[in-house]
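Beneath this line is the structure, given in structure tokens, with notes to follow.
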Amino acid sequence: MSIPKTYNPRIAEDKWYRHWLEKGYFYSKPDKREAFTIVIPPPNITGVLHMGHMLNNTLQDVMIRRARMMGYNTCWVPGTDHASIATEAKVVAKLAKKGIQKSDLTREEFLSHAFDWKNKHGGMILKQLTKLGASCDWERTKFTMDDDMSESVIKVFVDLYKKGLIYRGVRMINWDPSAQTALSDEEVIHKEVSSKLYYISYNIEGSGEKLTIATTRPETILGDSAICVNPNDKRYTHLKGKNAIIPLIGKIIPVIFDEYVDMEFGTGALKITPAHDINDYQIGDKHDLEIIDILNDDGTLSKSAQLYVGKDRFAVREEIALDLEKDGFLVKTEEYQNKVGVSERTNAVIEPKLSMQWFCKMKEFSKPALDHVMNDDIKFHPSKFKNTYRHWMVNIKDWCISRQLWWGQQIPAFFYDGNKFVVAQTKEEALTLAKKENPNITIEDLKQDEDVLDTWFSSWIWPISVFDGIRNPDNKEINYYYPTNDLITGPDILFFWVARMIIAGYEYRKELPFKDVYLTGLVRDKQGRKMSKSLGNSPDPIELIEKYGADGVRVGMLLCAPAGNDLPFDEGLCEQGRNFSNKIWNAFRLIQGWEVSDCEQPESAKQAIIWFENKINKTINEIDVSFSKYRISEALMSTYRLIWDDFCSWYLEITKPNYGSPIDSITYQKTIEQLEKILKLLHPFMPFLSEEIWHLIKEREEDIIISNWPKDAEINNVLLEDFENMTEVVAGIRNIRKEQNIPNKDQLVLEVINHQTQSNNLNAIIIKLGKLSSINTISEKPSSAFSFMVKSNEFFIPISDTIDLVAEIKKLQKELDYNKGFLKSVESKLKNEGFVNSAPEQIIANEKNKMADAKSKIKILTSKIASFQNS
RNA sequence: GGGCGAUUAACUCAGUUGGUUCAGAGUGCCUCCUUUACACGGAGGAAGUCGGGGGUUCGAGUCCCUCAUCGCCCACCA
């Protein structure tokens, strides 16, 4: 059969993925083996696969595939998140295109549209993951709004309410005027913007005096309840008991005194708008001021504003500035850098708003989650995120969990008799509870809270609810699969998700939800911007896979992705991955093209096999260590070098027979064994290629995906070192060929003086790779020859007629100078009493060895130079 | 404003308790080579005052101080 020169990923990928599915390798049921579990960070149903997902899921797949080979019962649970705000926004937009307003629909009608949308688009991203080779247990695919999942969420809500951890109250919250819902603090991003600071003067009632304040939001003067100054501010003490008049509307408000006000800032006078600023609210509360909410939910001005009613807050800002200026109230404006909060989802500028919402008390509740991370029961990789985590946890605030949306789990609070309510799993239970208060209540009288829960209120129990551990805490699956092993996700959702899962884990399982958290970096584009769905700057991963193969893309992502480091994405990395695929493919092509016969095994092959067996064991050890430290890119690099350098450049170059000659059966057999081992090591990183070659080597039942992960063994380090030295000898010969332009077909003789190292065993290899006719041991150096040194052995290639004496002497002189300098530094170190007295014995012995070594090199070099100069 | 982390070759990063020739890897770059698995390749090469300055030590990329630059997280100063 003829095998193409380049590897074609298309042939392997779909074929093997289907095969693995058919064989059921991805599916997991509890059994006697130890479980290895990962729950996927459920991507939003609104999302399509982007580079962040690629990185994340490749890492998860690597961990799962390796664990599977190590004999664990692996279970990778996939699924999607209903993403309440994002999805609702998409559905609303889609309906709007059809001319349908959300307000035209009943809740049920809207939800039916939303589920239609979810059914159409929601599975897309999971389908894309299969292209990447993700070995998820697809039979376990979950959605955060599946009936059982929602039921678990509601159960948790009711439970926490009963425990007194959930309460309802009027608080200052973050209002998103675009989505028209409350947000948690975490959903608000503070951005620096250039804005203006407006200086506005207020007339003081009953005097000609004016009082000037500074504000970035002049439109909010319509909601002012007071002007506040610092009681220690001598400029304003005389205003005690006076009133100010709000410009344009003429409303009279008191001048109040509070030390909160910074005398240095602006004019030292602060307008107080309790409805639209958290600080003003607190001052207003303290001084018992009127709260005037001048904004509607959509960010337009309300009737309470009196002016500009129905106009947008930003339009009003400009308009009111003009009007104030016209009437002489605007003193001046200044350029000003300040920070505004915007909605993480809609990018709308957040309004602080006083509103009735549901909250979860976090302070005490989160304590175990903090402790168990700080004492490494749960390990973060890299550990620097422990700091960030701690900082957030100790400053944790109550979590606003209600959202004024329809898409999500509706809050199970049922109202009756006006403001009275009960919290219960079902309306029937609620009725029973309500009847205790008022026996006349009927089920029709109960009205469920319109709001839904924050999306993260469902995803924080994800590792438990996917195994039904909330509804049935003692079921077999949860006890088997929980706690999960690795959580692999981005640091951007450390608080949104990771921290809260840990909290929920200790609350509902009394146990950690996962043992290790691997926080990836963010994938950035070439301008250093975060790649994300909202920016739309991510290359299409499916196109990349088509171009470079899934394995190539996986390798490309992993090579540059040490834990926690951002990676600027460069397509060249995928190219490197593809080239690597091809390298392995061609190594395989070479081997399968060999003609096997009973001829004698060459000495060089014998030595190469022994060496490579040691080398592979050493590398397996390195790879295992890297994995245990979650240094996945290092594990891959070890594998990469083992294959490219050790296997291809050395092992195969040594063992491959001369052109047209057959290979002996022992070497052939051994080579196949080595190749198989290598493919196993490669499998977690490059599943398709490894499976493809595994089966092309020979027909067999067993698939590599479930083969055993190779174990490391005793390593003969002396042998490895000898081989290293040997490679330097070969490099020396190649160097001389290159410098002197000696073609490979010209066979050379290599002469060695007192060649004492054990690498005599490796002479056969040197002869083969150096294209030598022989290696001779000599006692005196030849009169003129090219030469090089490896350790303290001197090698010669005698070709007197072509040698460039001047260049050769120059080269030797350079080497001599280096060694002299080196000797000097070693000697001075050894003369230093401080060093000799305080350095450990081993270090001193090493220095002495170095000195002896340098001395002997200097001696050799000096005499060599002399002999050249004489000739 | 508070906290955390980083700064090592053109790029992306290793460098474990200070001590072997410790200044490394991969990519890229330069030179040569279409040789018989692979040009998605081979052989060789150049390349860094380890951000600046100070200190501790016999010895510092590694520990301490300081400055600079960058990044991240948190935060209610108009």
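Computed from heavy atoms alone, side chains included, the values below leave out hydrogens, waters and symmetry copies. None of the values given here were measured: they were computed from a predicted structure.
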Let's test this: given Watson-Crick or G-U wobble pairing with both distances under 3.5 Å, identify the partner of [N].
| N | result |
| --- | --- |
| B:G41 | B:C33 |
| B:C70 | B:G5 |
| B:C76 | none |
| B:A25 | B:U12 |

Among the candidates [options], find the nucleotide nearest to the side-chain atoms of [X].
| X | options | answer |
| --- | --- | --- |
| A:Asn338 | B:A78, B:G41, B:G2 | B:A78 |
| A:Lys738 | B:C76, B:A14, B:A43 | B:A43 |
| A:Tyr336 | B:A78, B:G26, B:C73 | B:A78 |
| A:Asn735 | B:A43, B:G45, B:C38 | B:G45 |
| A:Gln576 | B:U27, B:A37, B:G44 | B:U27 |
| A:Thr6 | B:A37, B:G19, B:C40 | B:C40 |
| A:Ala587 | B:A37, B:A78, B:C58 | B:A37 |
| A:Tyr659 | B:C32, B:C58, B:U36 | B:U36 |
| A:Arg641 | B:G15, B:C76, B:G26 | B:G26 |
| A:Lys656 | B:A39, B:A37, B:G19 | B:A37 |

In whole Å, measure the gap between the [atom1] atoms of [N] and [M] for me.
| N | M | atom1 | value |
| --- | --- | --- | --- |
| B:A75 | B:G1 | C1' | 8 Å |
| B:U16 | B:C22 | C1' | 14 Å |
| B:U31 | B:A47 | C1' | 15 Å |
| B:G28 | B:C70 | C1' | 24 Å |

| task | Quickly work out the A:Ile396 CD1 to B:G3 C1' distance and round it to whole Å. | result |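 It works out to 17 Å between those atoms.
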Is a salt bridge present between [X] and [Y], judged by a nitrogen-to-oxygen distance below 4.0 Å?
| X | Y | answer |
| --- | --- | --- |
| A:Glu634 | A:Lys629 | no |
| A:Lys286 | A:Asp258 | yes |
| A:Glu186 | A:Arg500 | yes |

| task | Grab the two heavy atoms, one from A:Tyr7 and one from A:Asp551, that are nearest each other, plus how far apart they are. | result | OH-OD2, 4.0 Å
| remark: Here the gap from A:Glu344 atom CD to A:Leu183 atom CG, rounded to the nearest 0.5 Å, amounts to 8.5 Å
